[in-house]
Student: 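Let me begin by handing over the structure; questions about it come next.
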Amino acid sequence: RGTLIIIPPFCVHQMYHQKNVYYERYILNLDTQWLENVLCSKQDISEYLKPSAAPLIMPLSKEQLSSITQSMQKVLPIIQEKSIKSTAEFLNPLSVLDSAVHDTHKNKFTPNMFISKSQTTVNEIIAYINEHIEGNISLSDIESHFFLNRDYLSRVFAKHTHTSIGRYITIQKIAKAQEYLNTGLSVAQVSDKLGFSSYAYFFKVFKSVTQFSPLDYKQHIQISNASD
C-alpha cells in the first residue's frame, strides 16, 4: 500500500491480481513528447521521466500518499475534457508526484544513460503498438511498417523488454480491455473493439493475464462503484 512506481516506456511489466483480494491503484500514462510540447523544452523534464531512466519504486509517506490521492481524485472527473482547465488540472498531479520524488531522492539522479539505436527502435515499436492496439495488430504489420526483418524485430524487442512482441501486444490489449470495461461497455463490445477473433478467445486471454474472467472483472468494478 502506498507505493509509487514509475516505469519508462521501454520497460515492459505486468501486474497480477490476487483473486478475492481487492485494492485500488491509479495508473497515469504520460506521453513525454506531449510533456515536452507543454514545457517547450526537453531540458525541463525530470531525469526519472525520460525514456532512458531506470524504473523507480518508491514507498510514499502518509502525507505524500494523501496529497497524490487528492490531486488524482480531483482530476479524474474532468480527464476526458479537452480544455485549458483540464490540462491545467492534469498538470497538478504531475507537480505533486515530482515533488514527492525529489523530496525523497534529493540529488540522487544521475544523467541519463546513452540510448542505443536498437533501444530507440524498440521505443518506436512500443509507441506504434500502443497507437494501433485497437484492431488486429500483428508482427507482420510491425515488420511492414518499420521495414525490418522479422527475426531482427523479435530479437531486439526481447533484448530490451525481456518479453516477446506478441506477449506485449496481449498485455496492452488486456490493459485496454480493463479500461473499456471500467467505462461500462459490455464484454462483447470490448472483445469486438479490440479485434479478438471470438468472445471465447477474449475470455481465455483475459483470464490468463488477470486471473479474472471479463464478466467477473466487470461485476467487481460495478460493486466497487456502487460502494463508493
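It should be emphasised that the depicted structure is a prediction, and the values quoted were computed from it without experimental measurement.
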Student: For Glu179, give me all partners under salt bridge (Lys or Arg N to Asp or Glu O under 4.0 Å), at least two apart in sequence or on another chain.
Tutor: Lys176

Student: Can you name the nearest heavy-atom pair linking Lys218 to Leu181, along with the distance?
Tutor: NZ-O, 3.9 Å

Student: Mind checking whether Phe206 and Ser213 have side chains closer than 4.5 Å, heavy atoms only?
Tutor: no

Student: Once ring pair (Phe, Tyr, Trp, His ring centres under 6.0 Å) is applied, do any residues pair with Tyr199, and if so which ones, sequence neighbours excluded?
Tutor: none

Student: Test of understanding: with side chain to side chain donor-acceptor pair (under 3.5 Å), list the residues that count as partners of Thr69, not counting sequence neighbours.
Tutor: none

Student: What I'd like to find out is whether the side chain of Ile165 reaches to under 4.5 Å of the side chain of Ile142, using heavy atoms alone.
Tutor: yes

Student: Is the closest side-chain donor-acceptor distance between Glu143 and Asn149 under 3.5 Å?
Tutor: no

Student: Between Gln70 and Ser66, does any side-chain donor sit less than 3.5 Å from a side-chain acceptor?
Tutor: yes

Student: The criterion is side chain to side chain donor-acceptor pair (under 3.5 Å); which residues satisfy it with Ser186, sequence neighbours excluded?
Tutor: Gln189

Student: Once side-chain contact (heavy atoms from CB on, under 4.5 Å) is applied, do any residues pair with Ser140, and if so which ones, sequence neighbours excluded?
Tutor: Ser138, Arg150

Student: Which heavy atom of Ile174 sits nearest a heavy atom of Thr210, and at what distance?
Tutor: CG2-CG2, 3.6 Å

Student: In chain order, what residues pass the side-chain contact (heavy atoms from CB on, under 4.5 Å) check against His132, with sequence neighbours excluded?
Tutor: Tyr128, Ile137

